[in-house]
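A short write-up of the structure that comes next.
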There are 2 protein chains.
Amino acid sequence: MEPHEPDLTAVPVTSVLAALADDVRLQIVRALAEGGEAACGSFDFGVSKATRSHHLRVLREAGLTRTRAAGTSRLVRLRRDELNKLYPGLLDAVLTPRPPA
Amino acid sequence: MEPHEPDLTAVPVTSVLAALADDVRLQIVRALAEGGEAACGSFDFGVSKATRSHHLRVLREAGLTRTRAAGTSRLVRLRRDELNKLYPGLLDAVLTPRPPA
DNA sequence: GAGCTTGTTCGACAATTGTCGAACAAGGGT
DNA sequence: ACCCTTGTTCGACAATTGTCGAACAAGCTC
């Protein structure tokens with residue numbers, strides 16, 4: 001199946017924000033930001049693998065991540081540079097669990 | 001009734017993002033960013049006043065806006081400084097209708 | 001090939017959300 | 001006092017969304 005990774009400029013801002021506006025997905029994004037490329041299975045945040053797969057798709061289709069196959073696994077990584085270029089400050093604003101007061 | 005304007009630090013990031021992840025609300029935020037304080041009625045984006053009221057409440061309860069009464073109107077303004085302090089770059093990333101390529 | 005691991009997809013379901021019209025509340029103007 | 005303007009609140013409804021288990025697909029290892 002086609003991974004369907006859109007051009008980030010073609011994704012409405014609201015979709016990017018909506019993708020980030022979920023606790024599970026935000027944890028995934030933070031894990032990716034900290035750990036770099038990671039397999040889907042490494043994101044165990046108390047949801048089933050069906051749900052995890054769903055969240056990863058939302059992130060991918062919002063242009064936030066890229067996915068490549070590696071054996072039976074799929075490696076996911078954050079599209080950091082593109083995001084920082086198109087929405088400077090957005091990732092930084094969101095990556096910190098508790099922003100500086 | 002109490003306006004219920006929460007402390008921004010007490011609002012989860014996902015709520016802030018969710019509040020911004022809607023087209024109508026984003027238009028409201030952009031109008032506020034550009035025009036400063038404005039009456040609720042000035043946001044006519046093709047939705048009924050009930051819906052508009054709903055969106056303004058979402059924004060207010062997410063800590064994005066403040067509201068004060070003025071006659072029969074209610075004036076809304078963006079909590080810009082607080083937002084920029086707590087989530088630097090977030091507003092800027094979101095305010096431009098079409099971000100620079 | 002058999003079996004295991006890793007993900008995806010497919011309903012299904014509950015909860016949330018965006019939307020509306022109608023009813024209500026509060027102020028201002030005449 | 002009456003009406004008009006401005007918003008809010010109250011169901012109601014449709015659409016979307018998060019969640020799951022079960023079934024499926026693809027690849028590795030033995």
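By convention in this document, chain letters (A, B, ...) are assigned in the order of the sequence lines, proteins followed by strands, and residues within each chain are numbered from 1.
Across all strands, B/T51 comes closer than 4.0 Å to base atoms (heavy-atom distances). As judged by a 4.0 angstrom heavy-atom cut-off over every strand, A/A69 is placed among residues making no nucleic acid contact. Within 4.0 Å (heavy atoms only), B/V58 reaches no atom of the nucleic acid at all. Residue B/S53 is in base contact, counting any heavy-atom pair closer than 4.0 Å across all strands shown.
Rounding to whole angstrom units, CZ of residue B/R74 and P of C/dG27 are separated by 10 Å. Rounded to whole Å, the distance from CD1 on B/I28 to C1' on D/dG7 is 13 Å. We find that CG of A/D22 is positioned 9 Å from C1' of D/dT17, with the value rounded to whole Å. Distance A/D23 CG to D/dT17 P: 18 Å, rounded to the nearest Å. Residue A/R52 contributes atom CZ, which lies 14 Å from atom C1' of D/dG21 at whole-angstrom precision.
Checking the phosphate oxygens (OP1, OP2) of D/dT19, a side-chain nitrogen or oxygen of A/H55 falls inside 4.0 Å.
Put simply, the side chain of A/D22 gets close to the backbone of A/R25: a donor and an acceptor are under 3.5 Å apart.
For B/T72, whose side chain is taken as the heavy atoms from C-beta onward, the closest listed nucleotide among C/dG7, D/dT5, D/dT19 is D/dT5.
Under the 4.5 Å side-chain criterion, counting only non-hydrogen atoms from C-beta, B/L32 is in contact with B/T65.
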